[in-house]
Amino acid sequence: MKLRVDRDAFAEAVAWTARALPGRPAVPVLASMRLEVAQDGPSLHLSGFDYEVSSRASVEVLAEESGAALVPGRLLAEIVRNLPSGSVHIDTDGTRLRISGGAARFTLITMPLEDYPTLPGMPGRIGSVSSDAFAEAVRQVTPAASRDDTLPMLTGAYLDFRGDTLSVVATDRYRIAVRELWWKPEDPGIGASALVPARTLHDMARSLIAKSDVDIALGAPQAQGEGMIGFENGGRRTTTRLIDSDFVKYASWFPAEFAGRAEVAVAPLVAAVKRVALVADRNTPLRLAFSEGEVVLEAGSGEDAQAIEAIGVAYEGEPLRLAFRPDYLLDGLTAVETDTAHLNFTEPTKPAVFTDAPAKEGDKPSFRYLVQPLRVA
């Protein structure tokens with residue numbers, strides 16, 4: 001393999017691929033990155049795979065010789081990131097890969113290519129979605145997924161494809177986040193779903209190219225294991241195994257009617273919650289008292305540090321006092337995209353629902369966040 005490539009484009013592709021490499025691989029070869037220049041194209045393909053998640057990026061190069069090499073992925077990323085701007089020259093000599101940029105020269109020892117697992121192929125494409133809308137939906141929803149690996153079903157983000165509507169859902173049993181968005185299916189009558197590891201989906205969505213489309217590919221479960229989902233954006237591909245479990249029937253958890261409703265500016269409420277929560281740890285309740293025209297936030301009591309703050313809201317219903325975990329409260333409020341949020345309540349001990357403010361009265365909100373209040377004396 002012998003080639004020349006622009007340092008900035010190469011560094012970006014290497015860094016993106018390296019993000020998917022495991023920090024503590026089960027076997028050392030999985031920490032490697034595969035570089036390949038095919039005989040029939042002017043592209044360098046970079047790939048990583050840990051048997052669960054695969055990543056592949058391509059970058060245009062001027063290739064003199066095709067070939068492939070397997071090198072330590074994170075080390076390669078550090079080297080390329082620190083090279084000066086301009087052209088980077090790469091060539092192999094036996095078991096060594098040489099990298100030069102400007103006056104800098106590096107030599108890496110390659111690993112045997114036959115030791116590296118074969119990357120899975122891309123499943124069949126089922127449609128595409130705006131990268132900006134999808135990234136925002138994932139950002140809104142994934143904080144509600146559980147971090148407890150003993151319950152795999154709850155560590156996933158549920159993607160539900162129904163016609164031209166894509167729903168992204170996550171829950172940890174104490175809250176549920178749902179975002180609905182428009183997408184372009186290959187089959188207008190599609191009815192499919194996928195339970196994707198939330199951390200993988202979050203990492204993938206963060207690196208999407210703005211103002212572009214994401215192709216979504218979905219493979220049916222095979223007899224020998226789980227199904228697979230793939231995402232392609234700007235010449236970059238990510239595949240991951242699906243979680244082999246049924247998702248909860250979340251729709252029935254949302255109340256049909258509410259006894260109280262507040263309409264509040266999101267930014268002032270988020271700022272007030274952050275200030276009052278300074279005297280509370282993660283499991284200490286932050287109390288909210290809603291009445292006509294205002295909500296009073298309180299934390300701490302007795303001999304502990306205390307905080308109190310009131311801000312104006314538009315509230316309809318009987319006066320109501322509730323308590324929430326501060327981080328759960330902030331996760332829901334910061335996920336609302338509109339300047340104003342609607343907070344809907346039933347009883348102090350039953351779930352509350354936060355939503356964005358629809359553009360038109362009577363329209364269905366695109367984001368909903370159900371959260372269970374804490375019981376306090």
Side-chain angles (χ1 to χ4, degrees), residues 1-23 30-50 53-93 96-111 113 116 119 122 128 130-132 134-136 138-139 200-215 230-239:
M1 182 168 63
K2 188 174 183 180
L3 60 93
R4 181 159 54 92
V5 60
D6 176 71
R7 177 262 177 196
D8 293 342
F10 186 42
E12 185 178 355
V14 171
W16 181 86
T17 307
R19 288 174 59 177
L21 297 177
L30 297 182
S32 299
M33 187 181 301
R34 191 177 195 274
L35 283 63
E36 181 179 9
V37 177
Q39 293 183 353
D40 58 350
S43 294
L44 171 66
H45 303 297
L46 307 99
S47 53
F49 184 39
D50 66 356
V53 180
S54 77
S55 58
R56 176 175 172 172
S58 299
V59 60
E60 290 189 2
V61 299
L62 292 175
E64 295 182 31
E65 296 179 14
S66 60
L70 193 63
V71 296
R74 296 187 187 278
L75 177 57
L76 177 65
E78 283 297 311
I79 289 172
V80 178
R81 183 171 65 88
N82 286 284
L83 289 176
S85 296
S87 294
V88 175
H89 296 262
I90 298 174
D91 68 275
T92 55
D93 180 13
R96 298 175 183 273
L97 180 135
R98 295 182 297 225
I99 305 170
S100 61
R105 304 286 187 273
F106 294 88
T107 300
L108 298 181
I109 304 301
T110 63
M111 301 184 71
L113 285 164
Y116 199 66
L119 264 70
M122 198 72 166
S128 63
S130 160
S131 62
D132 295 343
F134 188 59
E136 179 64 14
V138 172
R139 181 196 70 81
T200 301
L201 188 65
H202 177 263
D203 290 343
M204 183 280 302
R206 280 195 312 165
S207 61
L208 292 175
I209 298 171
K211 295 182 173 60
S212 61
D213 285 339
V214 184
D215 287 338
F231 303 93
E232 184 167 3
N233 172 248
R236 300 171 179 174
R237 293 182 177 182
T238 300
T239 68

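Any value given below was found using the heavy atoms of this structure, including those in side chains, with hydrogens, waters and symmetry copies removed.
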Quick one: side chains of residues 84-92, donor-acceptor pairs under 3.5 Å with protein atoms, not counting sequence neighbours, listed by atom name and distance.
residue, atom, partner, partner atom, Å
Asp91, OD2, Arg98, NE, 3.0
Asp91, OD2, Arg98, NH2, 2.5
Thr92, OG1, Met1, N, 3.0

Side-chain polar contacts of residues 72-81 - donor-acceptor pairs under 3.5 angstrom, sequence neighbours left out - could you list them?
residue, atom, partner, partner atom, Å
Arg74, NH2, Leu21, O, 2.3
Glu78, OE1, Arg81, NH2, 2.7
Glu78, OE2, Arg81, NH2, 3.4

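Counting heavy atoms from C-beta on, the side chains of Thr239 and Phe231 never come closer than 4.5 Å. Between Leu97 and Phe106, every side-chain heavy-atom pair lies at or beyond the 4.5 Å cut-off. Residues Arg19 and Ser55 are not in side-chain contact: their nearest non-hydrogen atoms beyond the backbone lie 4.5 Å or more apart. For the pair Leu83 and Ile99, the minimum side-chain heavy-atom distance is below 4.5 Å. Residues Phe134 and Met204 are in side-chain contact: their nearest non-hydrogen atoms beyond the backbone lie under 4.5 Å apart. Counting heavy atoms from C-beta on, the side chains of Arg34 and Leu46 never come closer than 4.5 Å.
Arg56 has no carboxylate O lying under 4.0 Å from a charged side-chain N of Glu36, or vice versa, which leaves the two without a salt bridge.
Of all non-hydrogen atoms in Leu113 and Ala69, the two that sit nearest each other are CD2-C, 3.9 Å. Between Arg105 and Ser100, the shortest heavy-atom distance links the atoms CD-CB, 3.3 Å. Contact between Ala9 and Val59 at its shortest, heavy atoms only, is CB-CG2, 3.7 Å. A pairwise comparison of heavy atoms in Pro22 and Leu30 identifies CD-O, 3.5 Å as the closest pair.
The OG atom of Ser130 sits 9.5 Å away from atom NZ of Lys211, with the distance rounded to the nearest 0.5 Å. Within the model, atoms CD of Glu232 and CG of Asp213 stand 11.5 Å from one another, a figure rounded to the nearest 0.5 Å. From Trp16, atom CH2 reaches atom CG of Leu208 across 9.0 Å, with rounding to the nearest 0.5 Å.
Ser131 places a side-chain N or O within donor-acceptor distance of the main-chain N or O of Ile209, the cut-off being under 3.5 Å. In terms of modelled atom types and a separation under 3.5 Å, the side chain of Asp50 and the main chain of Val53 share a donor-acceptor contact. Panel note: side chain Asn233, backbone Arg236; no donor-acceptor pair is recorded below 3.5 Å. Proximity of a side-chain donor or acceptor of Asp215 to a complementary backbone N or O of Ser128 within less than 3.5 Å is not detected. For the pair Tyr116 (side chain) and Met111 (backbone), a donor-acceptor distance under 3.5 Å is absent.
Looking at Ser43 and Ser58, their side chains never bring a donor and an acceptor atom within 3.5 Å of each other.
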Stepwise salt bridge (Lys or Arg N to Asp or Glu O under 4.0 Å) test for Arg206 and Asp203:
CA-CA 5 Å; Arg206 280 195 312 165; Asp203 290 343; 3.7 Å; yes

Could you go through Leu62 and Leu3, starting from their C-alpha distance and side-chain angles, then the distance that decides it, and tell me whether this counts as side-chain contact (heavy atoms from CB on, under 4.5 Å)?
CA-CA 6 Å; Leu62 292 175; Leu3 60 93; over 6 Å; no

Steps toward side-chain contact (heavy atoms from CB on, under 4.5 Å) verdict (Val71, Ile109)
CA-CA 7 Å; Val71 296; Ile109 304 301; over 6 Å; no

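Other residues, nucleotides and ligands contribute over 12 non-hydrogen atoms within 6.0 Å of the CD atom of Glu136. At most 12 heavy atoms of other shown residues, nucleotides or ligands fall within 6.0 angstrom of atom CZ in Arg4.
Among pairs with a residue in residues 59-72, none fulfils side chain to side chain donor-acceptor pair (under 3.5 Å), at least two apart in sequence or across chains.
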